K.L.:
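Encoded as structure tokens, here's the structure I'll be asking about.
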Amino acid sequence: MWRTVGLGAIVVGLLAPFVAWSLADWLTDGDGTMEGFVLLGAVSAAALAAVCLVWFYTGWSWRTRAGVTAAAVAVGGGLWFLFPPQWDGAMQITGFRYRFAPDAEERLAAFVAAHPTSAASAEARRAADAPPLVADADDWPGLRGSDRDGVVLDATVRTDWSEEVPKTVWRHPVGLGWGGFSVVGDRCFTLEQRGDEETVACYDADSGAPLWSHGEPVRFSRIAPNGGDGPASTPLFHEGAVYSMGSTGLVTCLDARTGELRWKRELIPGGSENIEWGLACSPQVVDGALVVLPGVAAGEGSAFMGLDPANGETLWASGDDVGSYSSPVTADLDGVRQILAYGGTALHGLSVDGAPLWQIPWSNQAQVNAALPLVSGDRVFLSSGYGTGAGLYDVARSGGDWRATEVWRTENRFKLKFNDAILHDGFVYGLDEGILSCVDLEDGSRVWKRGRYGYGQVLLVGTADGPPALLVTCEDGDLALVAASPDGFEELARYSDAAGETLLSGVCWNHAALVRGRLYWRNGTEAICVRIGDETASADPDEDDGAEDGAEEAAATG
């Protein structure tokens, strides 16, 4: 009897991956992370069932059983070693790579060797004599643009990609990193890992040519298989300087034209405990203070800090929350300008000088609060992944006290893992565990959920021939344009359909910048500039074509 029951259990175990694959989407409501765990559990059950079948039901001698088991482990382990898997944001395998092929860091080293830059170069000397770099209204000085909302309504993005495919201006290797580009004038800045140095790199925005770089001896290594090493924040341009904060809490200030170090500061003392995946804060200047979110590891009462942009000294500090993976934003709530700052356990409302005003308890088992809060009037919208969901809160004063009152909360629905959302005409659009979704801001009800774009990012852009649309930079390196409408999901254009391939290869979680008709986008191995709209202030097309050819030739040599 027990042998029959055992055999039945083994059959069920062997079939588990096929059943899980068929039902995972229904069981998890499309939650990619939960799907990944379900499939991992099913594959583990199948492996255990296969071992039990060999050892208890084949009737083979123990030598044969041991030999078959050892051979399976050797073959499986050997293949796993030679062809390590590539993972997406849901912990699902998306492909394999040959271990001994030139990796991203080797390709970058070759590119850098072929295009050396230094502060003593002729370019840097010329730049030192030039007037300070100044950001215009159509520049992209930091994370998600000037207002940190990902909205570029003055863009004129084309929607006829089948007739006019977005054109690559330049592409080349970059160092490991999960932040994006800041673009000001003819320069773009990003934070990347180059060997054992965390490096702020500056490239020519028109050609992609390296202009300068500054590295510090820092490297944050991640254990998780679906997140490589490297910093995870976007540099900030402000009044002629570039500010960065790396995964270990190292803050630097560099001259935007020359790359010369003005100051640096290590916020988390060496040896102090960092958060699991490293800090991911993109600094912001608020009323004369450089605001950063290092978490309580920076010291008691220093989870949120305002530094002097001129020298890095502390202007104010407050809070004892653990660190998380978000960045500060500003908002006017009940007539008062405030800083909204995530910790690992709550969203905190601070005065512009760092004094605590209110907080909304908000957390999950991983303490990952990454998506920036959205503000509509005096209401704040929040969302997190790992089964958390979304919520809307009304923030107001009563006498001298501040309160954040819950308007609505959805459990385990509209989960933004590390993907920021867009607020437009009373609706919120975002990648709910990898699936584009629209919810009504008023009551949190789901309007529609379609379009599997993975753990990418979303911008709201103006179009050349219609209303604003959602520009989705997909996790797999594709590009999609979707109608920003509650009336239903409508994909207007897709780059892979028009060009027959994706723009980038590998995992693409990084934020993109849209400046004067050009999209500046990167992942952990490569950067690209693509013309997707009308250029309002750029060189003539013939010069662009030459820059593109030169950049492609340089990338090939790298």
Side-chain angles (χ1 to χ4, degrees), residues 83-99 101-112 143 170-182 188-203 208 210 213 215 218-235 244-248 276-282 325 368 370 417-420 431 434 453-457 473-479 502-513 519-530 555 558:
F83 301 97
Q86 295 177 304
W87 307 78
D88 64 11
M91 287 291 291
Q92 297 187 33
I93 295 175
T94 59
F96 300 85
R97 68 174 181 85
Y98 180 51
R99 180 177 295 276
D103 62 19
E105 295 194 73
E106 291 171 333
R107 292 194 296 272
L108 173 69
F111 175 75
V112 171
L143 177 68
W170 55 260
R171 71 163 71 225
H172 59 66
V174 290
L176 301 174
W178 306 103
F181 280 107
S182 302
C188 52
F189 312 93
T190 190
L191 188 59
E192 53 189 68
Q193 193 73 44
R194 296 186 177 183
D196 292 328
E197 289 191 335
E198 191 173 77
T199 301
V200 180
C202 174
Y203 300 98
S213 64
V218 174
R219 182 169 183 132
F220 182 83
S221 297
R222 295 179 177 85
I223 299 175
N226 64 334
D229 293 352
S233 61
T234 300
S244 71
M245 179 173 173
S247 294
T248 66
E276 184 173 0
W277 289 290
L279 297 171
C281 172
S282 299
Y325 304 89
V368 174
K417 195 172 183 181
F418 46 79
N419 320 96
D420 288 302
L431 290 165
Y453 299 115
Y455 295 84
Q457 304 293 346
T473 52
C474 309
E475 183 181 32
D476 65 358
D478 206 353
L479 198 63
T502 58
L503 275 174
L504 292 174
S505 60
V507 175
C508 301
W509 296 336
N510 310 51
H511 284 278
L519 188 75
Y520 296 83
W521 190 25
R522 57 159 296 180
N523 56 20
T525 62
E526 188 177 34
I528 191 170
C529 172
V530 183

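Residue numbers count from 1 along this sequence. Source: prediction; values computed, not measured.
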K.L.:
Which heavy atom in Cys474 sits nearest to a heavy atom in Cys508, and how many Å separate them?
P.N.:
O-CB, 3.5 Å
K.L.:
Whether the side chain of Glu475 engages the backbone of Gly477 through a donor-acceptor N/O pair (distance < 3.5 Å, no angle test) should be reported.
P.N.:
no
K.L.:
Between Gly230 and Trp178, which heavy-atom pair has the shortest distance, and what is it?
P.N.:
O-CD1, 4.1 Å
K.L.:
If only atom types and distance count, is the side chain of His172 paired as donor or acceptor with the main-chain N or O of Gly208 below 3.5 Å?
P.N.:
yes
K.L.:
Work out which heavy atom in Gly180 is nearest to a heavy atom in Thr190; give both atom names and the distance.
P.N.:
O-OG1, 3.1 Å
K.L.:
Just wondering, do Leu504 and Arg171 contact through their side chains at under 4.5 Å, heavy atoms?
P.N.:
yes
K.L.:
Determine yes or no for a side-chain-to-main-chain donor-acceptor pair under 3.5 angstrom, with Gln457 supplying the side chain and Leu431 the backbone.
P.N.:
no
K.L.:
Kindly say whether Thr234 contributes a backbone atom to a donor-acceptor pair with the side chain of Ser282 at under 3.5 angstrom?
P.N.:
yes
K.L.:
Side chains of Leu479 and Thr473: does their closest heavy-atom pair fall under 4.5 Å?
P.N.:
yes
K.L.:
Are the side chain of Arg522 and the backbone N or O of Gly177 linked by a donor-acceptor pair below 3.5 Å?
P.N.:
yes
K.L.:
Grab the two heavy atoms, one from Pro210 and one from Phe111, that are nearest each other, plus how far apart they are.
P.N.:
CG-CE2, 3.8 Å
K.L.:
Using the salt bridge (Lys or Arg N to Asp or Glu O under 4.0 Å) criterion, which residues pair with Glu198? Sequence neighbours excluded.
P.N.:
none
K.L.:
Under the 3.5 angstrom rule, does the side chain of Ser182 hit a backbone N or O of Pro235 as a donor-acceptor pair?
P.N.:
yes
K.L.:
Quick check on ring pair (Phe, Tyr, Trp, His ring centres under 6.0 Å): which of Trp521, Tyr453, Phe418 does Trp509 satisfy it with?
P.N.:
Phe418
K.L.:
Is a donor on one side and an acceptor on the other found under 3.5 Å between the side chain of Thr199 and the backbone of Ser213?
P.N.:
no
K.L.:
With heavy-atom distances below 4.5 Å as the criterion, would you say the side chains of Leu191 and Ser233 are in contact?
P.N.:
yes
K.L.:
Quick one, Phe189 and Ser244 - any side-chain contact, counting heavy atoms below 4.5 Å?
P.N.:
no
K.L.:
Working to the nearest 0.5 angstrom, can you tell me the gap between Met245 CE and Leu279 CG?
P.N.:
4.5 Å
K.L.:
Measure the CG-CG distance between Asp476 and Asn523 for me, rounded to the nearest 0.5 Å.
P.N.:
11.0 Å
K.L.:
Might you point out which heavy atoms bring Lys417 and Tyr455 nearest each other, and give the distance in Å?
P.N.:
CD-CE2, 3.6 Å
K.L.:
What closest approach, in Å, do Arg194 and Ala201 show between heavy atoms, and which atom pair accounts for it?
P.N.:
NH2-CB, 3.6 Å
K.L.:
Got a sec, which residues hit ring pair (Phe, Tyr, Trp, His ring centres under 6.0 Å) with Phe181, two or more places apart in sequence or on another chain?
P.N.:
none
